[in-house]
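For clarity, every value in this text was computed on a predicted model and none was experimentally measured. In what follows, every heavy atom counts, from backbone to side chain, and hydrogens, waters and symmetry copies are set aside.
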Amino acid sequence: MELYRLTIHELQEMLRKGEVTSRDITESIFRRIEEVEGKTRAFITLMKEKGFEQAEMADMRIKEGKLD
């Protein structure tokens with residue numbers, strides 16, 4: 001299943017159930033961007049490191065039971 005195809009509501013439910021991590025979702029989105037960016041040219045800058053850093057922080061909050 002390609003996570004980038006799911007709605008935010010579907011992804012949120014999967015996060016709540018522990019079926020995926022924020023890191024998984026972020027990786028899926030960046031992979032999709034890499035696949036289509038040559039055709040779409042929609043991005044000027046991708047901040048992958050910052051995206052992964054924030055995903056890790058979100059995963060820590062989820063583990064601590066602080067899912068908002």
Side-chain angles (χ1 to χ4, degrees):
M1 166 185 3
E2 297 293 347
L3 295 175
Y4 70 85
R5 292 185 175 269
L6 301 178
T7 67
I8 191 66
H9 299 290
E10 292 168 320
L11 292 169
Q12 183 181 29
E13 186 62 26
M14 291 176 78
L15 281 167
R16 285 187 194 281
K17 291 179 180 178
E19 296 172 351
V20 296
T21 64
S22 299
R23 173 84 186 203
D24 296 333
I25 296 167
T26 304
E27 287 174 353
S28 177
I29 291 169
F30 279 129
R31 272 194 310 272
R32 180 61 177 165
I33 290 169
E34 288 173 3
E35 289 172 6
V36 300
E37 181 58 14
K39 294 178 186 177
T40 62
R41 297 183 182 191
F43 296 93
I44 295 171
T45 303
L46 290 178
M47 300 178 67
K48 286 185 179 182
E49 286 119 30
K50 185 69 171 177
F52 289 130
E53 180 183 304
Q54 290 180 354
E56 296 295 332
M57 289 172 45
D59 287 335
M60 286 189 330
R61 288 182 50 87
I62 291 168
K63 283 182 183 179
E64 294 170 354
K66 298 179 181 175
L67 181 63
D68 300 312

How long is the span from the [atom1] atom in [X] to the [atom2] atom in [Y], to the nearest 0.5 Å?
X: I8; Y: I25; atom1: CD1; atom2: CD1; value: 7.0 Å
X: L6; Y: E13; atom1: CG; atom2: CD; value: 12.0 Å
X: M1; Y: M14; atom1: CE; atom2: CE; value: 4.0 Å
X: T21; Y: M60; atom1: OG1; atom2: CE; value: 13.0 Å

Does E64 have any salt bridge (charged side-chain N to carboxylate O under 4.0 Å, His left out) partners at least two apart in sequence or in another chain, and if so, which? K66
Under 3.5 Å, side chain of S28 to main-chain N/O of Y4, donor-acceptor pair present? yes
Is a donor on one side and an acceptor on the other found under 3.5 Å between the side chain of D59 and the backbone of E56? no
Minimal heavy-atom distance between S22 and I62, with the atoms involved, is OG-CD1, 4.0 Å
Please determine if E27 and R23 form a salt bridge, counting it only when a charged side-chain N lies under 4.0 Å from a carboxylate O. yes
Could you list the donor-acceptor pairs under 3.5 angstrom formed between side-chain atoms of residues 38-50 and any protein atom two or more places apart in sequence or on another chain?
| from | atom 1 | to | atom 2 | distance (Å) |
| --- | --- | --- | --- | --- |
| T40 | OG1 | V36 | O | 3.2 |
| T40 | OG1 | E37 | OE1 | 3.3 |
| K48 | NZ | E34 | OE2 | 2.0 |

